[in-house]
Amino acid sequence: MIGSVDIGGTKIAVGMVDDTGRLLSKMESSTDADRGYPDALNRIASMLRESAQNAGAEISGIGIGSTGPVYPFSGEFGDVDFLRGWEGKNLVQDLERIFYVQAAIENDGDAAALAEAAWGAGKGKSRLIYVTIGTGIGGGIILDGRLYRGVDQAHPEVGHHIVDPSGPPCSCGFRGCWESLAAGPAVLAWMESTAPPNYPNRKGLTAKRIFELAREGDELALAAVKRETYYLGLGIANLINLFTPDMIVLGGSIMKSSDLLLDGVREIMLPVCAI
Ligand SMILES: [Zn+2]
């Protein structure tokens, strides 16, 4: 039984997962990083205990996926944007000390790639790229059945390959990164800057709402979806050209509308798939 911990900027989720990948119980708490690392450690430990109790299970190991940068080989947090003051703290050692089991930490994109390859949509694929499209674009790369790590074990940032150098500025300092063009905020930003002043659906717009409007036949929302499809497809085509993987697994909140996107994305991918 694996105690699983997912640390994001907004919430921390904890669950019990058996060795077939089945989720048996789940709890969550808001991250509240400002309350400090010791407070978060206590909450994580008590959620793990309660979640194990709910599943009627004894924890035999702990796996942590966290928004990065994190250092899997030492177990420490790096300088994470959403976790101010947590740098250098070692959740792996702390949870091992509390629960007397082995623990491991990975960047959440890498953890998700490993999970998809072991138990998910890419089960058994030895060359797999996982991409999550939500507030940002992240992911992980598995080559020859192993997680790909770069120099100094660095995590590759698929969301920051440049798709259009004349595109919008990105948080990383470049312009036109895949993330700046195709993540949720980019869908919203395009819509807000393109909608005429008298556009009736301007109020309360979110990426999610834009997909709903597209379903209702709103022309501007359909154009936003078309643009999203285009940039999503370009990024995926680049990944195929660079890595020729067995499979690319897509996740994240934007993919809840995959029915509106995937046909178009496949069309854009055609030239690379013909190579
Ligand atoms: Zn970037």
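Whatever order the structure lists ligands and atoms in, that order sets their numbers, starting from 1. If you're wondering where the values come from, they're calculated on a predicted model, not measured in any experiment.
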Please list, one pair per line, the donor and acceptor atoms closer than 3.5 Å that link side chains of residues 118-137 to other protein atoms, with sequence neighbours excluded.
residue: Arg127; atom: NE; partner: Asp246; partner atom: OD2; Å: 3.2
residue: Arg127; atom: NH2; partner: Asp246; partner atom: OD1; Å: 3.1

Identify all side-chain donor-acceptor contacts of residues 62-83 below 3.5 Å with residues at least two apart in sequence or on another chain.
residue: Ser74; atom: OG; partner: Glu76; partner atom: N; Å: 3.3
residue: Asp79; atom: OD1; partner: Arg84; partner atom: NH1; Å: 2.9
residue: Asp81; atom: OD1; partner: Arg84; partner atom: NH2; Å: 3.4

task: Any chance you could lay out the side chain to side chain contact (heavy atoms under 4.5 Å, CB included) test for Glu179 and His160, step after step, and finish with the verdict?
output: CA-CA 6 Å; Glu179 170 173 303; His160 293 276; 3.6 Å; yes
task: May I ask you to list the protein N, O or S atoms found at less than 2.8 Å from the Zn ion (ligand 1)?
output: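 Near the Zn ion (ligand 1), below 2.8 Å, one finds His160 ND1, Cys170 SG, Cys172 SG, Cys177 SG.
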Nearest non-hydrogen partners of Leu91 and Tyr37, listed with the distance: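 Taking Leu91 first and Tyr37 second, the nearest heavy atoms are CA-OH, 3.3 Å.
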query: Going only through I, L, V, M, F, W and Y residues with side-chain contacts under 4.5 Å, is there a path from Ile162 to Phe243?
result: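 Each belongs to a different hydrophobic cluster.
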Would you mind writing out the side-chain donor-acceptor pairs for residues 259-270 within the sub-3.5 Å range, not counting sequence neighbours?
residue: Asp259; atom: OD1; partner: Arg215; partner atom: NH2; Å: 3.1
residue: Asp259; atom: OD2; partner: Arg215; partner atom: NH1; Å: 2.7

